[in-house]
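Before any comments, here is the structure.
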Amino acid sequence: MNIKSKLPNVGTTVFTTMSHMATEYNAVNLGQGFPDFEMSEELAELVSQAMTSGMNQYSPMAGLPILLERLAEKVYNLYNTQVNPLTDITITPGGTYAIYTALTTVLQPGDEVIVFEPAYDSYIPNIEINGAIPVLIPLEFPTYSIPWDLVKSKVTARTKMIMINSPHNPTGSVIRREDIDRLREIVKGTNIFILSDEVYEHLIFDGLQHESILRYPDLLARSFVCFSFGKTYHSTGWKIGYCISSPSLMKEFRKVHQFNCFSVHTPSQAGLAEYLLNKEAYLQLGSFVQKKRDFFRSLMAATPFKPLPSFGSYFQCYSYKELSNENDKEFAIRLTKEYGVTTIPLSAFYKDGKDNKVVRFCFCKKEETLERAVEKLAKIKALR
Ligand code: GLN
């Protein structure tokens with residue numbers, strides 16, 4: 001059989017490739033972003049109670065009503081914005097699915113989508129599979145901030161959407177109030193949609209405020225805002241997230257969603273609805289994860305790696321420029337094979353494979369895991 005590929009230039013994701021390599025070489029896996037410690041027992045218990053009490057059939061297509069209500073309450077408490085649980089929120093099988101569905105809802109062939117690079121690796125294939133065109137704008141190196149003047153110059157009559165992501169994967173940069181103001185200025189009076197990937201919503205450090213689009217009802221009216229329970233509750237394997245938008249946009253989003261997965265795992269939704277009453281569980285997350293970033297950085301200070309700024313997410317990037325001239329893929333492979341530590345090379349997040357000699361480490365791990373990794377990394381000698 002011959003199949004004409006819809007994604008001819010795409011291979012297997014870097015996360016799968018690097019995690020396989022970590023297993024093969026028995027390396028400490030600081031590549032793919034997932035915690036290696038247990039999630040809350042209480043939440044696991046709430047989900048199993050939902051199962052044993054018979055909540056095992058389809059939930060409504062948009063999500064379990066009690067979960068939608070609790071999310072609307074959370075949004076109001078955190079961001080002072082009223083969203084309607086019936087019309088504005090849809091539960092999805094993960095944040096990535098929410099992003100794909102939003103793009104598929106909006107994009108027509110030939111539409112342009114402004115994407116900042118480095119970009120989470122699903123964005124560009126998600127745009128291209130819809131026949132649309134990614135307009136790539138590099139974030140400023142090494143702060144990874146958004147060059148708004150350049151964005152303004154790239155807007156055309158075909159610009160359908162701007163994608164933003166804060167806290168940012170892979171770099172840990174975060175959007176500030178000034179960025180929101182510039183974004184608003186650019187979209188004002190246009191039909192440009194916004195996709196805001198906020199899966200690391202609570203993982204923000206150093207006293208910074210998460211500049212959610214949900215804070216800004218005027219922007220929310222043209223936005224799809226995507227979240228992940230996996231990142232918030234240390235349960236990435238559950239693959240449950242949600243999207244918040246405005247009623248007319250969400251109506252179209254649900255048309256796409258209903259004929260794809262229809263609805264999401266009911267007992268998990270019931271457990272999550274109950275667990276959302278525990279505000280502390282998500283409010284303490286930033287400081288819990290910041291301690292891990294700080295611990296990892298203090299250990300890494302003994303190595304020749306040079307840290308780049310990280311203000312949020314699971315990730316901390318390091319430059320290895322002083323260590324080697326290899327390209328970042330070769331370097332990451334050698335790090336796994338010879339030193340037993342797996343990372344993600346940043347070129348994987350650029351369409352043209354741009355190589356700034358930077359690798360991404362996931363620090364959302366047990367302290368002993370981070371110690372074990374850095375012990376190995378400290379043995380690295382410059383390869384020149
Ligand atoms: N979001 C995770 C990361 O950036 C990976 C998720 C996945 O493997 N699809 O590492």
Side-chain angles (χ1 to χ4, degrees), residues 7 10-24 27-37 39 92-103 115-127 129 139 144 163-174 195-204 226-243 261 285 289 292-293 296 308 310-318 328-329 332-333 335-336 341-351 358-365 369-370 373:
L7 293 170
V10 163
T12 303
T13 82
V14 68
F15 308 115
T16 301
T17 310
M18 294 312 288
S19 278
H20 276 161
M21 203 180 287
T23 310
E24 191 182 344
V28 185
N29 190 356
L30 304 188
Q32 192 178 26
F34 61 90
D36 69 342
F37 46 86
M39 57 168 289
T92 61
T96 306
Y97 173 105
I99 294 167
Y100 179 78
T101 305
L103 288 163
V115 181
F116 301 110
E117 287 193 309
Y120 185 60
D121 74 336
S122 72
Y123 295 175
I124 294 171
N126 282 186
I127 294 165
I129 207 162
L139 294 173
Y144 296 109
M163 294 181 78
I164 55 172
N165 171 210
S166 180
H168 186 253
N169 183 2
T171 69
S173 66
V174 303
L195 189 140
S196 185
D197 173 356
E198 303 187 10
V199 301
Y200 297 102
E201 171 187 29
H202 297 295
L203 304 166
I204 186 156
C226 301
F227 298 92
S228 157
F229 287 114
K231 307 299 186 306
T232 301
Y233 294 128
H234 311 310
S235 55
T236 60
W238 285 16
K239 292 300 300 177
I240 305 184
Y242 55 103
C243 180
C261 90
L285 200 59
V289 179
K292 294 194 177 292
R293 179 204 63 175
F296 181 59
L308 274 62
S310 167
F311 297 104
S313 80
Y314 279 165
F315 308 116
Q316 168 70 57
C317 290
Y318 278 89
D328 65 358
K329 285 203 170 104
I333 290 170
L335 219 53
T336 298
V341 180
T342 297
T343 60
I344 303 289
L346 240 68
S347 64
F349 303 96
Y350 289 90
K351 193 171 160 93
V358 174
V359 287
R360 185 194 84 173
F361 293 83
C362 173
F363 54 72
C364 197
K365 305 286 179 188
T369 308
L370 299 174

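Counting convention: from 1, in listed order, for ligands and their atoms alike. Hydrogens, waters and symmetry mates are skipped; everything else that's a heavy atom, side chains included, is used.
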* If only atom types and distance count, is the side chain of Thr336 paired as donor or acceptor with the main-chain N or O of Met21 below 3.5 Å? -> no
* Based purely on interatomic distance, does Arg360 place a nitrogen or oxygen under 3.5 Å from a nitrogen or oxygen of ligand 1? -> yes
* Asked: Where does Tyr314 meet ligand 1, judged by heavy-atom distances below 4.0 Å: at the side chain, the backbone, both, or neither?
  -> neither
* Look at atom 6 (C) of ligand 1 and say which protein heavy atom is nearest, naming residue and atom and giving the distance to 0.1 Å. => Tyr120 OH, 3.3 Å
* To do: Report the part of Met18 in contact with ligand 1, treating N, CA, C, O as backbone and CB onward as side chain, heavy atoms under 4.0 Å; options are side chain, backbone, both, neither.
  => neither
* Asked: Looking at Phe34 versus Tyr314, is the centre-to-centre ring distance below 6.0 Å?
  -> no
* Structure fact -> Note: Phe34, heavy atoms under 4.0 Å from ligand 1, region reported as neither
* To do: Before giving the answer on side-chain contact (heavy atoms from CB on, under 4.5 Å), spell out for Gln32 and Thr342 the whole-Å C-alpha distance, their side-chain angles and the decisive distance to 0.1 Å.
  => CA-CA 9 Å; Gln32 192 178 26; Thr342 297; over 6 Å; no
* Asked: Among side-chain atoms of Thr12 and Thr17, is any donor-acceptor pair under 3.5 angstrom?
  -> no
* To do: Please state which part of Asn169 comes within less than 4.0 Å of ligand 1, counting heavy atoms only: side chain, backbone, both or neither.
  => side chain
* Less than 6.0 Å separating the ring centroids of Phe311 and Tyr200? -> no
* Identify the protein heavy atom lying closest to atom 8 (O) of ligand 1, giving its residue, its atom name and the separation to 0.1 Å. => Gln32 NE2, 2.7 Å
* Would Asp328 and Ser347 count as having a side-chain donor-acceptor pair, cut-off 3.5 Å? -> yes
* To do: Say whether Gly31, considering both its backbone and side-chain N or O atoms, lies within less than 3.5 Å of an N or O atom on ligand 1.
  => no
